[in-house]
Number of protein chains: 2
Amino acid sequence: MESLCDAAKVLKSNGVRVTPARVVLLEALHSRRGPFTAQELHANLPARSADLVTVYRFLARLVKASLAREIVGSDGVAYYEMACAHNPVHPHFECLSCGRLFCLPLFREEDSARVLDYGTGHRVESVSVVFRGTCAACLANELEEGKK
Amino acid sequence: MESLCDAAKVLKSNGVRVTPARVVLLEALHSRRGPFTAQELHANLPARSADLVTVYRFLARLVKASLAREIVGSDGVAYYEMACAHNPVHPHFECLSCGRLFCLPLFREEDSARVLDYGTGHRVESVSVVFRGTCAACLANELEEGKK
DNA sequence: GAATATTTGCAAATGATTTGCAAAAGAGAT
DNA sequence: ATCTCTTTTGCAAATCATTTGCAAATATTC
Ligand SMILES: [Mn+2]
Ligand SMILES: [Mn+2]
Ligand SMILES: [Zn+2]
Ligand SMILES: [Zn+2]
């Protein structure tokens, strides 16, 4: 409940220096709910606190340390989300109409187990389940359009 | 057994002209096993039979018509595979070491059902399950390296 | 503090995918 | 075949997220 969330510690123990820029980034990361792109994250940072390149580099580190997960949208843009104990692996939904990426509720335990135990013949480090289609909001809009 | 594989027909019935370039492309597509990128496909085409842009455009059409599936790798590059009856939806494995993308065997019926019936609250048009990690070949290489 | 290792910002490069546009090719009617 | 209208194609140029090179700034070690 604090272990994995204290990314700073994990990083330090991996020989990663916890610099001011990184502290700001970690704070920003904590205040995020859904998945975000590097650019979105950077845009919401206190002015001049970290360069976009630094954001990219830091996110890459987090992912390598399994402290963040990467979800690649169908347009090839990478989304991120923290991977602490508060936020276990779960499926996502990508709306092909508005482009938004949503977190979906967890699979039921038994279903997760099935997916995770799937024998791939390789060394699995992560699994990603992405549903694609039209989100509820866009569906509603389509209906509106239809009426006209 | 022929219905969905005869993409030409499906296309034509959707008002898509079946031109020489497209015939070549469809043939090339048929002779492919695993997932491929637009560039790979283009590279293996009879010389000057279709521009790379045409390949991109045609693949986009196939995807829109659900005749092909798109799998986006973690580097943001799009892979494609045909979606005929011979090739039902199945999970994939991406090796983060060598970058290759493998098809995995189908889920068992019951597992597929579970995934497909997952209530997302949106209109689902496709599902993608991608495992990531280190492929068997790369694991073997790592062992070799270790010995030295 | 000097020596060493890591991190940062800025500018420039990358590279897959997309777009604009005018020429070429298909479909249909005459 | 010819004319007309629509779709497709190739080529060059634009996009745009992500990466890289590198020198200056900063942290760590002794
Ligand atoms: Mn999520
Ligand atoms: Mn496949
Ligand atoms: Zn939407
Ligand atoms: Zn590999």
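Quick note on labels: first sequence line is chain A, next is B, and so on, each numbered from 1.
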Interatomic distance, [X] [atom1] vs [N] [atom2] [rounded to whole Å]:
{"X": "B/Leu25", "N": "D/dT9", "atom1": "CG", "atom2": "C1'", "result": "12 Å"}
{"X": "A/Leu41", "N": "D/dT18", "atom1": "CG", "atom2": "P", "result": "12 Å"}
{"X": "A/Arg22", "N": "D/dT26", "atom1": "CZ", "atom2": "P", "result": "15 Å"}
{"X": "B/Glu70", "N": "C/dT17", "atom1": "CD", "atom2": "P", "result": "8 Å"}
{"X": "A/Asp75", "N": "C/dT19", "atom1": "CG", "atom2": "P", "result": "12 Å"}
{"X": "B/Tyr56", "N": "D/dT9", "atom1": "OH", "atom2": "P", "result": "17 Å"}
{"X": "B/Leu45", "N": "D/dT9", "atom1": "CG", "atom2": "C1'", "result": "14 Å"}
{"X": "A/Asp51", "N": "D/dA23", "atom1": "CG", "atom2": "C1'", "result": "15 Å"}

Which of the following nucleotides, [options], is nearest to the side chain of [X]?
{"X": "A/Val53", "options": "C/dT8, D/dT19, C/dA16", "answer": "D/dT19"}
{"X": "B/Arg57", "options": "D/dT18, D/dA17, C/dG20", "answer": "C/dG20"}
{"X": "B/Val16", "options": "D/dT18, C/dT7, D/dT8", "answer": "D/dT8"}
{"X": "A/Arg17", "options": "D/dT9, C/dA5, D/dT6", "answer": "C/dA5"}

Quiz prompt | 5′-ward residue of the pair B/Thr19/A/Pro20 relative to DNA chain C | solution =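 Here A/Pro20 is the residue nearer the 5' end.
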
Quiz prompt | Heavy-atom pair with the smallest gap, counting every atom of A/Asn87 and A/Met82 | solution = ND2-O, 2.9 Å

Self-check item: B/Asp75 (side chain) donor-acceptor with B/Val77 (main chain) under 3.5 angstrom
Solution: yes

Exercise. Using modelled atom types only, decide if a donor and an acceptor are shared between the side chain of A/Asp51 and the backbone of A/Val53 within a distance under 3.5 Å.
Key: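 Yes; at least one donor-acceptor contact below 3.5 Å.
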
Quiz item: Contact class for A/Arg61 (heavy atom, under 4.0 Å): base, sugar-phosphate, or nothing?
Solution: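 Here A/Arg61 touches the backbone only, sparing every base.
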
Practice problem: Let me know, please, whether B/Ala21 or A/Leu52 comes out on the 5' side of the other along DNA chain D by nearest nucleotide. | Solution: B/Ala21

Which pairs would a plain distance check flag for residues 88-102 of chain B, meaning a side-chain donor or acceptor within less than 3.5 Å of a matching protein atom at least two apart in sequence or in another chain?
{"unit_1": "B/His90", "atom_1": "ND1", "unit_2": "B/Pro88", "atom_2": "O", "d": "2.6"}
{"unit_1": "B/His90", "atom_1": "NE2", "unit_2": "B/Glu81", "atom_2": "OE1", "d": "3.3"}
{"unit_1": "B/His90", "atom_1": "NE2", "unit_2": "B/Glu81", "atom_2": "OE2", "d": "3.3"}
{"unit_1": "B/His90", "atom_1": "NE2", "unit_2": "B/His92", "atom_2": "NE2", "d": "3.1"}
{"unit_1": "B/His92", "atom_1": "ND1", "unit_2": "B/His90", "atom_2": "O", "d": "3.4"}
{"unit_1": "B/His92", "atom_1": "NE2", "unit_2": "B/Glu81", "atom_2": "OE1", "d": "3.1"}
{"unit_1": "B/His92", "atom_1": "NE2", "unit_2": "B/Glu81", "atom_2": "OE2", "d": "3.4"}
{"unit_1": "B/Glu94", "atom_1": "OE1", "unit_2": "B/Ser74", "atom_2": "N", "d": "3.2"}
{"unit_1": "B/Glu94", "atom_1": "OE1", "unit_2": "B/Ser74", "atom_2": "OG", "d": "3.2"}
{"unit_1": "B/Glu94", "atom_1": "OE1", "unit_2": "B/Arg132", "atom_2": "NH1", "d": "2.5"}
{"unit_1": "B/Glu94", "atom_1": "OE2", "unit_2": "B/Ser74", "atom_2": "N", "d": "2.9"}
{"unit_1": "B/Glu94", "atom_1": "OE2", "unit_2": "B/Ser74", "atom_2": "OG", "d": "3.2"}

Exercise. Only one of A/Leu45, A/Leu59, A/Leu62 passes side chain to side chain contact (heavy atoms under 4.5 Å, CB included) with A/Leu25; say which it is.
Key: A/Leu45

Quiz item: So does B/Thr54 get a side-chain nitrogen or oxygen closer than 4.0 Å to the phosphate oxygens (OP1/OP2) of D/dT9?
Solution: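 So the side chain of B/Thr54 is outside the cut-off, no N or O lying under 4.0 Å from OP1 or OP2 of D/dT9.
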
